[in-house]
Structures are given as structure tokens and as C-alpha cells.
Amino acid sequence: MSIEVDANTVRFAIADVNNNTDKVYRYLDYGSLDAGFYNDLAASDNRFFSSCMFKKAQNLFQKLRTRQEHFKAIKVRAIATDTFREAHNAEELVQKIRRTTGIDIRILSLEEEDRMDFFSALNATDNSEAPVVWDIGKERFQLIIADPEVGPFAHKGEFGSVNFMEYLKEVVQNKPAKLSGSLSPISTEELDAAISFAKYLARRTPSIIRRELKKEKVQITAIGSVFQESIAVDVTMNGKLLNKGILKKYIQEQLQTTNKTNDLSLSNAILVLGFMEELDIKRLNISDHNSTLGMLEFPILWH
């Protein structure tokens with residue numbers, strides 16, 4: 001059983017895994033539970049999880065313990081990443097969960113998280129001849145390649161969906177970043193400025209990755225919360241193929257509608273469109289694969 005504590009979600013997966021090859025041969029269970037760790041921490045002035053969050057987290061992990069027992073999972077690995085690294089009392093919460101449920105959460109360092117993300121990302125490319133993985137999360141993005149000459153290489157940027165939207169509100173529109181619903185309406189001039197900033201972020205992409213993107217048989221696989229939970233749901237309507245035409249149509253529809261728009265999905269669409277235009281990405285595939293599933297085949301966590 002693998003458990004991944006994300007910003008606001010706890011994801012889990014249970015599978016039968018071959019101990020010799022570390023490959024899954026049968027999935028038994030998969031799902032997620034709403035948690036709200038990031039929101040709770042963001043509401044705190046001192047970067048401490050609240051007492052309510054402590055109680056909620058213990059209840060969530062008790063549910064996971066019940067699933068573990070139901071499916072008779074022999075080994076359990078639970079990991080947490082950036083939100084737990086930021087919380088001053090994260091270790092106290094980890095200890096409480098360990099005492100009440102027996103589940104031990106390992107808070108990964110940034111380097112450990114990067115290794116796991118890289119391994120999981122390349123597993124999502126279906127053994128393409130020229131795989132490129134594009135991962136956008138809440139606070140950062142990654143472009144990852146597996147070059148046959150230099151080996152694995154990742155380009156990381158410090159902008160993700162949350163801070164990109166905050167930039168649009170604060171800098172482009174001169175509005176309070178934390179004010180819900182303040183991105184819309186957005187003018188044509190503001191849209192152009194937003195796309196220009198996304199292009200600026202994309203221009204930092206190293207030439208080694210640009211060469212991979214230009215290959216005739218390149219396969220670009222998109223993973224991460226921006227693609228899987230925002231773009232795939234709101235922009236492509238659960239479709240897996242994404243191109244610039246789909247993004248432009250969605251953005252224009254959001255600008256013209258009189259209904260309250262989804263600020264984050266609109267901002268994400270602008271961010272992705274700017275990158276695709278700057279890097280001349282014509283199309284990509286959004287994968288269902290994520291690091292929770294990848295953890296099941298990640299040897300370091302199990303041996």
C-alpha cells in the first residue's frame with residue numbers, strides 16, 4: 001500500500017507487486033481523500049497545523065488503516081512532501097498518526113521527492129523513443145527528458161499554478177492576490193501580458209530539452225495537478241489530448257462568459273498556452289499516472 005500526502009489530498013493505492021522485479025501485476029484499490037493540509041497551513045500566521053487539522057488527519061489515516069486491513073496489505077509506505085516540510089509541527093502530527101494508526105509517514109527531502117517524481121514521470125511515457133515529461137504543480141514545474149547520451153535531465157522552475165495566478169492578480173491586474181474571484185474579468189491587454197510572462201518563464205528552458213521537443217517522434221506526457229485536476233477536467237472535458245487550439249477556445253469562452261469563471265483553471269490555461277507557444281509544442285497527452293502509483297514500483301521505498 002502506498003500513501004501520498006499531497007497539498008490538500010491524501011492519495012492511496014494498493015497492489016500486488018513482484019518483489020523480484022518491483023513491478024505491479026495487479027491493482028487492488030486506488031483513491032483519494034480530501035484533507036486540506038495546504039489550506040490549513042496557509043490560514044496559519046505561524047506555519048503550524050491547527051488542532052482541528054490534527055484530528056482530521058488522524059481520522060483520515062484511520063480510514064486508510066481500515067483499507068489496509070481489508071485488503072491485507074503486508075507493506076505500507078506513506079510519504080509527505082512540501083506542505084509537511086513547511087509546517088513547524090509536522091513531525092508532531094506524524095508521531096500522533098503513528099501512535100494511533102501504526103502508519104509511519106516519511107517526510108521526503110526535496111532531493112528525495114525529485115528522484116521519486118522523476119522515476120514516476122518516466123514510467124508514464126510508455127517507453128517512447130523521445131519521451132518528455134511536463135509536470136506542473138502548485139508551486140513549481142518540471143520538464144524532464146531521458147536523453148540517450150547524457151541520461152536523465154530535469155529543468156525545474158519556481159513558478160506553478162498558485163504563484164502564477166498570484167502574479168497575474170498582483171502584477172498584471174494590480175489586485176489583492178488572495179481575493180477570491182478577482183482574476184475575472186480580464187482584459188485583452190491583461191491576457192497578452194499574462195501570456196508574455198508565461199513565455200518568459202518558458203524561454204529559460206535549456207537547449208538540451210528544446211532539442212528533444214523538436215524531434216519528429218517526440219512524445220510529451222503531462223502529469224501533475226495542473227494537468228490532471230484542472231486542464232483535463234475543465235479545459236479538455238476529461239479528454240487526454242491537448243493542443244493550443246483547445247486552450248485558446250477555452251480561454252476565449254471564459255473571457256466572454258457572464259458567469260463567474262474558475263480563476264485557477266483560467267490562469268492554468270494561460271500558463272500552459274504561453275509555454276506551448278514559446279516552445280512550439282503542438283500537442284501533448286495528459287496521463288492518469290501519478291507518483292502515488294509510481295511509489296508502488298519505486299525500490300528505494302520498499303527495500
Side-chain angles (χ1 to χ4, degrees), residues 1-41 49-85 87 89-108 112-113 115-117 119-121 123-124 126 137-138 223-225 227-229 232-233 238 240 286-303:
M1 182 179 190
S2 64
I3 301 171
E4 181 180 12
V5 181
D6 203 349
N8 285 314
T9 309
V10 178
R11 295 184 176 86
F12 60 90
I14 302 176
D16 287 329
V17 180
N18 187 312
N19 289 330
N20 296 321
T21 64
D22 294 309
K23 295 298 181 184
V24 172
Y25 62 84
R26 182 175 60 169
Y27 288 102
L28 302 175
D29 192 23
Y30 177 74
S32 63
L33 299 171
D34 292 332
F37 293 110
Y38 178 84
N39 293 341
D40 183 75
L41 200 63
F49 288 132
S50 66
S51 57
C52 291
M53 190 72 257
F54 267 57
K55 293 178 182 178
K56 184 175 182 179
Q58 290 177 81
N59 290 334
L60 288 175
F61 274 84
Q62 191 58 58
K63 292 179 180 178
L64 293 173
R65 176 58 185 267
T66 301
R67 301 193 80 87
Q68 173 199 347
E69 293 173 347
H70 174 77
F71 286 97
K72 297 180 173 60
I74 298 173
K75 290 186 177 181
V76 179
R77 294 293 182 270
I79 62 98
T81 53
D82 50 356
T83 303
F84 269 53
R85 286 197 298 266
N89 59 343
E91 188 57 42
E92 182 184 350
L93 177 55
V94 166
Q95 292 175 7
K96 279 188 175 294
I97 291 173
R98 183 189 303 124
R99 287 197 300 267
T100 55
T101 68
I103 297 175
D104 189 11
I105 302 173
R106 176 176 171 179
I107 303 176
L108 298 186
E112 290 173 324
E113 182 183 353
R115 285 200 297 271
M116 188 185 72
D117 287 346
F119 180 88
S120 177
N123 273 357
D126 300 326
K138 289 181 172 61
I223 61 173
S225 58
F227 288 110
Q228 295 171 334
E229 299 172 14
V233 175
N238 295 317
K240 301 303 179 186
I286 301 175
S287 173
D288 290 330
H289 198 85
N290 56 50
S291 51
T292 311
L293 297 174
M295 284 170 61
L296 293 168
E297 300 177 323
F298 192 49
I300 293 175
L301 289 176
W302 305 98
H303 302 298

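All values below come from the heavy atoms of this structure, side chains included, with hydrogens, waters and symmetry mates left out.
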Output every pair passing ring pair (Phe, Tyr, Trp, His ring centres under 6.0 Å) with a member in residues 7-30, not counting sequence neighbours, ordered by first then second residue. none

Of all the heavy-atom pairs spanning Ser225 and Gly137, show the shortest one and how long it is. OG-CA, 3.7 Å

side-chain contact (heavy atoms from CB on, under 4.5 Å) filter on Lys56, not counting sequence neighbours, yields Met53, Leu60

Under a 3.5 Å distance rule, please check whether Trp302 uses its side chain to pair with a backbone N or O of Met295 as donor and acceptor. yes

Here the gap from Lys75 atom NZ to Leu296 atom CG, rounded to the nearest 0.5 Å, amounts to 12.5 Å

Any idea which heavy atoms bring Asn19 and His303 closest together, and the distance? O-CE1, 4.0 Å

Report yes or no: does Asp82 contribute a side-chain atom to a donor-acceptor pair with the main-chain N or O of Arg85 at less than 3.5 Å? no

Restricting to non-hydrogen atoms, name the atom on Val24 and the atom on Ala15 that form the minimum distance, rounded to 0.1 Å. CG1-CB, 3.8 Å

Any idea which heavy atoms bring Asn8 and Asn39 closest together, and the distance? OD1-N, 3.1 Å

With sequence neighbours excluded, what pairs up with Asp40 under the side-chain hydrogen bond (donor to acceptor under 3.5 Å, both in side chains) test? Ser50

Any side-chain heavy atom of Val76 within less than 4.5 Å of one from Ile3? yes

Residues that Phe49 engages under ring-ring contact (aromatic ring centres under 6.0 Å, His included), provided they are two or more places apart: Phe37, Phe84

Distance-only, no hydrogens or angles: does the Glu112 side chain make a donor-acceptor pair with backbone N or O of Leu108 under 3.5 Å? no

Mind checking what makes salt bridge (Lys or Arg N to Asp or Glu O under 4.0 Å) contact with Glu92, not counting sequence neighbours? none

With heavy-atom distances below 4.5 Å as the criterion, would you say the side chains of Arg77 and Met1 are in contact? no

Kindly write out the residues that satisfy side-chain hydrogen bond (donor to acceptor under 3.5 Å, both in side chains) with Ser32, not counting sequence neighbours, or none if the list is empty. none

Enumerate the residue pairs fulfilling salt bridge (charged side-chain N to carboxylate O under 4.0 Å, His left out) with a member in residues 286-303, sequence neighbours excluded, ordered by first and then second residue. Lys240-Asp288

According to side-chain contact (heavy atoms from CB on, under 4.5 Å), who are the partners of Glu91, at least two apart in sequence or on a separate chain? Val94, Gln95, Arg98, Ile107

Sub-3.5 Å donor-acceptor pair from the side chain of Thr66 to the main-chain atoms of Gln62, do we have one? yes

Kindly state each residue pair satisfying salt bridge (charged side-chain N to carboxylate O under 4.0 Å, His left out) with at least one member in residues 19-39, sequence neighbours excluded. Asp16-Arg26, Asp29-Arg67

Working to the nearest 0.5 angstrom, can you tell me the gap between Thr9 OG1 and Tyr38 OH? 13.5 Å

side-chain hydrogen bond (donor to acceptor under 3.5 Å, both in side chains) partners of Arg11, counting only residues at least two apart: Asp6, Glu229

Give a yes or no on whether the backbone of Arg65 and the side-chain of Thr101 come within a donor-acceptor separation of less than 3.5 Å. no

I'd like to check Leu301 versus Ile79 (side-chain heavy atoms, cut-off strictly below 4.5 Å). Are they in contact? yes

How would you list, by chain and number, every residue that makes a side-chain hydrogen bond (donor to acceptor under 3.5 Å, both in side chains) with Ser291, sequence neighbours excluded? Glu4

